[in-house]
Peer 1: 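Dropping the structure in here first, questions after.
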Amino acid sequence: MTEFELIERYFRRPTRNAVLGVGDDAALIAPSPGFEIAATVDMLLEGRHFFAGAEAEALGHKTLAVNLSDLAAMGAMPRWALLALALPSVDEGWLAAFARGFFALADAHGVDLVGGDTTRGPRNLCVTVLGEVPAGKALRRSGAKGGDSIWVSGTLGDAALAIAHRLGRIRLEGADLADCERTLARPAPRVALGLALRGIASAVIDVSDGLVGDLGHVLDASRIGATIDIDALPRSSAMAAQLAGAQRDVALQCLLAGGDDYELVFTALPSRRDAVAAAAASAGVAVTRIGRIEAGSALRFVDRDGTAVDSAFAAFDHFLS
Ligand code: ADP
Ligand code: MG
């Protein structure tokens, strides 16, 4: 099969939102009047971001999902995607499954694949997404203010638990293993929540590298500090079981510093609590208040009694990545 037959068979689809999609030298898109374009790109490299032999359909999902998560964190509506693929060989079974996973998520979000690039090489999956946000309304990392509440969607650390399991650092079984593997393979980008938080959240980031690192980016951009209540961090039943077990330290690192969560961490005035709850309900996502923005520049941890918790674990720099 030639490169062009491959593109035609697996990646050329009728578009809903584009003036011109796959097939010419460039796609043509027309942004809605009064909107800004949010643009982001993320690369998934075999052996670095996913295990060799990872299921193709899940990769199709994840390579788009991680990009949609970035748009969610900007409060942008996803509209268009471009897909750059390096593949070691033409494996039609792999391509069909990859395209299924990719387009299922694209269709769920009304995203058009409008172009890309295809080449032979070590497996590398690179997606660019473009979204729209009303001019001046994008959610940024830089708006957190002293006194704001800090919130997080979903639960933290489950994907990192799945990786820790594969690396033999912990042992997961049964439903816990299946749940964590599913979170790792098929993260759910919080697009609806990001859109609903426009006008409510003062700062937003998506957690791709772990809570400590990513909240740290918000604090840096906002020039402010924070205190997090470790006992308040939302956890799955798998995480709760690991935290109660022999490998508590590994589980705690996953909870605080594990990557691949793709949840949203955001800040909002305490008086917006009901608005935050309504946004979460409209998006069908649970959100949990986990701490407070405070003067200074430090990220501190306390337990439910307000006692300071040693944060040495936070110094581990993405040990799982
Ligand atoms: P060019 O040589 O102009 O870069 P290509 O031969 O790379 O064009 O691609 C031909 C067309 O197919 C272009 O419209 C390009 O955007 C599209 N395309 C290439 N690879 C992909 C892909 N993996 N997914 C979607 N569209 C693709
Ligand atoms: Mg090209």
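Residues take their numbers from the sequence shown, with the count starting at 1. All ligand and atom numbering here is 1-based and tracks the order in the structure.
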Peer 1: Name every donor-acceptor pair, under 3.5 Å, that has one atom in a side chain of residues 298-309 and the other anywhere in the protein, sequence neighbours excluded.
Peer 2:
| residue | atom | partner | partner atom | Å |
| --- | --- | --- | --- | --- |
| Arg300 | NE | Thr227 | OG1 | 3.3 |
| Arg300 | NH2 | Glu294 | OE1 | 2.6 |
| Asp303 | OD1 | Asp305 | N | 3.0 |
| Asp303 | OD1 | Gly306 | N | 3.2 |
| Asp303 | OD1 | Thr307 | N | 3.0 |

Peer 1: How about Thr155 and Arg235: does a side-chain donor come under 3.5 Å of a side-chain acceptor?
Peer 2: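 No - no donor-acceptor pair under 3.5 Å links their side chains.
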Peer 1: So which pairs with a foot in residues 40-98 pass ring-ring contact (aromatic ring centres under 6.0 Å, His included), sequence neighbours left out?
Peer 2: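 Residue pairs with at least one partner in residues 40-98: Trp94-Phe98.
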Peer 1: For ligand 1, is any non-hydrogen atom under 4.0 Å from Glu3's backbone (N, CA, C, O), its side chain (CB onward), both, or neither?
Peer 2: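 It is the side chain that touches ligand 1; the backbone stays farther off.
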Peer 1: Examine the proximity of ligand 1 to Asp24 and report which part, side chain or backbone, both or neither, has a heavy atom under 4.0 Å away.
Peer 2: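 The backbone, only.
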Peer 1: So which of Lys62, His109, Glu263 actually passes side-chain contact (heavy atoms from CB on, under 4.5 Å) with Pro189?
Peer 2: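 Result: among Lys62, His109, Glu263, His109 is the only option passing the side-chain contact (heavy atoms from CB on, under 4.5 Å) with Pro189.
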Peer 1: Can you check which of Phe102, Phe11, Tyr10 brings a heavy atom nearest to atom 24 (N) of ligand 1?
Peer 2: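 Result: the heavy atom closest to atom 24 (N) of ligand 1 is in Phe11.
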Peer 1: Out of all atoms in ligand 1, which are within 4.0 Å of some heavy atom of Asp25? Include the element for each.
Peer 2: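 Going through ligand 1 atom by atom, the ones under 4.0 Å from Asp25 are 3 (O).
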Peer 1: Using every non-hydrogen atom in the two residues, find where Ala268 and Ile200 come nearest and quote the distance to one decimal.
Peer 2: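 That would be CB-O, 3.7 Å.
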Peer 1: What atoms in ligand 1 come closer than 4.0 Å to a heavy atom of Phe4?
Peer 2: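 Heavy-atom distances to Phe4 below 4.0 Å select 6 (O).
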Peer 1: Taking the minimum heavy-atom distance to atom 18 (N) of ligand 1, which of Gly116, Gly23, Ala84 ranks first?
Peer 2: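 Among Gly116, Gly23, Ala84, the closest heavy atom to atom 18 (N) of ligand 1 comes from Gly116.
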Peer 1: Looking only at the side chains, is there a donor atom on one of Thr267 and Ser202 sitting less than 3.5 Å from an acceptor on the other?
Peer 2: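 There is such a pair between these side chains.
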Peer 1: Hey, which atoms in ligand 1 end up nearer than 4.0 Å to a heavy atom of Asp117?
Peer 2: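 Checking each atom against Asp117, I get 7 (O), 19 (C), 20 (N), 21 (C), 23 (N).
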